[in-house]
Amino acid sequence: MKKLIFLGTELDVNKEHELFPTDKTLGFDAIIVYKDGRGEVRHNLTEVHHLYKTPFEPSIAFESDIHGTGGTAKVESIDTVVVVLATSKAENY
């Protein structure tokens, strides 16, 4: 992963980060750009955990207590993640 940008600040991708919003009403949105050019947005996150420990490979976890779901993505497959404050509650994660 080349870049992790959190609320306008680039974080060190070689360090573990656990990111939580101060207001869990709307949480964060994460814009994920994969190395193969695909992109996606995960909505209303209540935690983003970079370098989440899995038994397999370094990952980044995206959790939403608002939508009651979450998931992970392998760090090696991601180019950039931009985490911003959500401005509305999305219909789904």
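Predicted model, so just to flag it, every value in this text is computed and none were measured.
Summarising the geometry of Lys2 relative to Glu10, their closest heavy-atom pair is O-OE2, 4.3 Å, with the distance given to 0.1 Å.
Following chains of ILVMFWY side-chain contacts shorter than 4.5 Å, one can reach Ile5 starting from Ile31, so the two form part of one hydrophobic cluster. Criterion: ILVMFWY side-chain heavy atoms under 4.5 Å apart, direct or through other members. Under it, Val33 and Leu4 are not part of a common hydrophobic cluster. Leu11 and Ile32 end up in the same hydrophobic cluster when Ile, Leu, Val, Met, Phe, Trp and Tyr side chains are linked at under 4.5 Å.
The main-chain N or O of Glu76 is found under 3.5 Å from a side-chain atom of Lys35 such that the two form a donor-acceptor pair. Using a distance-only test at 3.5 Å, with no hydrogens or angles considered, a donor-acceptor pair links the side chain of His50 to the main chain of Val13. The backbone N or O of Thr72 lies less than 3.5 Å from no partner atom in the side chain of Ser59, so there is not a single donor-acceptor pair.
Ser64 meets the side-chain contact (heavy atoms from CB on, under 4.5 Å) test with Asn44, Leu45, Ile66, His67, Tyr93; sequence neighbours excluded.
Around the NZ atom of Lys3, the shell of radius 6.0 Å holds no more than 12 heavy atoms that belong to other residues, nucleotides or ligands. For Glu40, the CD atom counts as densely surrounded, since its 6.0 Å shell holds more than 12 non-hydrogen atoms of other residues, nucleotides or ligands.
Applying the 4.5 Å side-chain rule to ILVMFWY residues, one finds that Phe20 remains a lone member of its cluster.
Residue pairs meeting the salt bridge (charged side-chain N to carboxylate O under 4.0 Å, His left out) criterion with at least one member in residues 11-27, sequence neighbours excluded: Glu16-Lys53.
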